[in-house]
Amino acid sequence: MRCHAVPCYAMPMTPCYAVPMMPCDAVLRCAVPCQACRAMPMAPGDAVPRVPIPCLSAVGRGGRWAQQRVQVLQALRSDPVGLEGLRAAARGEGGLCPELRPQVWPRLLSVDPCNLPPRPAPPALQDHRDRSQVLLDVARSAPRFPPGMPAEQRQVLQEQLAGLILHVLRAHPQLHYYQGYHDVALTLLLVLGQRRAAPLLEQLSTHHLRDFMDPTMDSTKHILNYLMPLLQRESPRLHDFMQRAEVGTIFALSWLITWYGHVLTDFHHTLRLYDFFLASHPLMPVYFAAAVVLHREEEVLGAPCDMPSLHQLLSRIPPDLPYERLVLRAQELFQRHPHGCLARQHHKSIAIQSFSAFQRAASCQRPDAVLRRQRQEPAGDAAVTPLPAIGHNPLVKVAVWGLSATLGAVALAVTHTALDWGPEFLLRLF
């Protein structure tokens, strides 16, 4: 039996569109239980929809994910929403179950899922000072898509990606585009679809990523300057070695400004880190960078003590890092070395200064059921809107709906399938 609602990447070579996709309480799901992707049908009265769970990656995690789902559902139904429970799930071992990300990510960023803005206009209808650069970077984003995706589907998603980025930049003229921003936007697009990704990208751009979007690099350099004091406190020997080599911190620039999305070849690892960073302080990517460098301490100390050698070594993240251990170590570093004790010079960081207010606002969110009653809307009406027709091929339309509607891309966002999401990303940031 095959999946009847989304392109089934659990069974390579045979994406299936056996029956039309049907919206069910904000997301698309399989119509029947599916042995290929272990989809679960909607339970009567279930406020949060169930969506396909990838077969191979779910085998070893079924018990933990089942427990997590109960905890997350309780947090989502609490009034106010149990934000600390959602953060704990996102930071915990393995991150979020794929079926829960489209429900939890908006809440972590204080986005009202029942009051989504209109879908961003196509890039051809939007103008911006950075439009040319955006289109160039989006055109170069092909390695971020799965190798088995047809070119027509990828082109449609790239058009949506460009429209999404330009929408946020036009809505916030104070924001300045930087190369690598499209990597963040693409991750949100693949997981959430264009309409849900838009408000999340706005929140990230005006809070967590705000320092990277200044007209100059001053704020970005300040964020990078937290890294060396962390290394000095944890390993003076490593810190002194890197200082003698004069390697600086530029090797970590692409890590921070893309939340590692540009440098990781396994999309599963990228999603794991996004779970972690969305639930954490804006400086957590710096603490994670410190954890990565400290983990590689012996390798670094064994390299030649010169800038070119160390920069080349450090800028390439090994594919076999123990991500769960590094996540734990980053949290420990954050607790042991508060960022206020690390800054060597005062700098007005918008992301850091606005985070407390951001947290307070997020802690007052109401559950979906209450928000729907307040707006006097039937359940599900506000959260799902069919995508506009694109192109002239109905099969492409159906495929794109399955990939980029509210949760259609979850089937693409898992590893350990035959497609394996393992392309070599092209380093085109600089």
Side-chain angles (χ1 to χ4, degrees), residues 3-10 21-77 81-82 85-109 111 113 187-193 195-197 200 267-272 274-276 278-279 367-368 379-380 383-384 401-417 421:
C3 170
H4 284 66
V6 295
C8 188
Y9 284 84
M21 296 174 296
M22 297 168 31
C24 298
D25 278 0
V27 299
L28 303 176
R29 64 176 176 87
C30 284
V32 295
C34 173
Q35 292 179 355
C37 62
R38 294 184 184 271
M40 295 180 294
M42 178 76 69
D46 196 350
V48 179
R50 301 181 180 185
V51 295
I53 298 179
C55 54
L56 295 180
S57 55
V59 170
R61 303 186 179 97
R64 178 173 58 80
W65 277 357
Q67 182 180 10
Q68 182 188 88
R69 188 175 192 278
V70 172
Q71 296 172 344
V72 167
L73 288 177
Q74 290 176 346
L76 290 172
R77 291 167 176 167
V81 171
L86 299 181
R87 287 173 178 158
R91 291 192 294 249
E93 181 185 357
L96 292 168
C97 172
E99 69 175 83
L100 297 177
R101 285 192 177 107
Q103 302 297 327
V104 176
W105 281 13
R107 293 303 192 173
L108 293 176
L109 290 180
V111 170
T187 300
L188 299 182
L189 175 65
L190 290 176
V191 174
L192 300 167
R195 192 181 180 201
R196 278 199 174 192
L200 268 72
F267 194 57
H268 170 74
H269 295 153
T270 300
L271 294 178
R272 172 66 186 103
Y274 271 61
D275 290 339
F276 179 40
L278 287 171
D368 290 4
V384 62
W401 288 348
L403 290 169
S404 61
T406 308
L407 189 59
V410 167
L412 300 178
V414 297
T415 54
H416 309 299
T417 65
W421 273 86

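A side-chain donor-acceptor contact under 3.5 Å links R196 to the backbone of P102. Formation of a donor-acceptor pair under 3.5 Å by the Q71 side chain with backbone atoms of G85 is not found in this model. In this structure, R64 contributes its side chain and E93 its backbone to a donor-acceptor pair below 3.5 Å.
Here CG of L278 is found 7.5 Å from CG of L188. Values are rounded to the nearest 0.5 Å. Within the model, atoms CD of Q68 and CG of L73 stand 10.0 Å from one another, a figure rounded to the nearest 0.5 Å. Put simply, NE2 on H269 and CG on L271 are 10.5 Å apart, with the number rounded to the nearest 0.5 Å.
When the ring-ring contact (aromatic ring centres under 6.0 Å, His included) test is applied to Y274, the partners found at least two apart in sequence or on another chain are W259. Listed by chain and residue number, L96, L108, D275, A279 satisfy the side chain to side chain contact (heavy atoms under 4.5 Å, CB included) test with A90 (two or more places apart in sequence, or in another chain). With sequence neighbours excluded, the residues forming a side chain to side chain donor-acceptor pair (under 3.5 Å) with R87 are E84, listed by chain and number.
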*Decide yes or no on side chain to side chain contact (heavy atoms under 4.5 Å, CB included) for W105 and L100, but give the supporting numbers first.*
CA-CA 8 Å; W105 281 13; L100 297 177; over 6 Å; no

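Pairing each heavy atom of L86 with each of A75, the nearest pair is CD2-CB, 3.7 Å. Nearest approach of R69 to E99, heavy atoms of both residues: NE-OE2, 2.7 Å.
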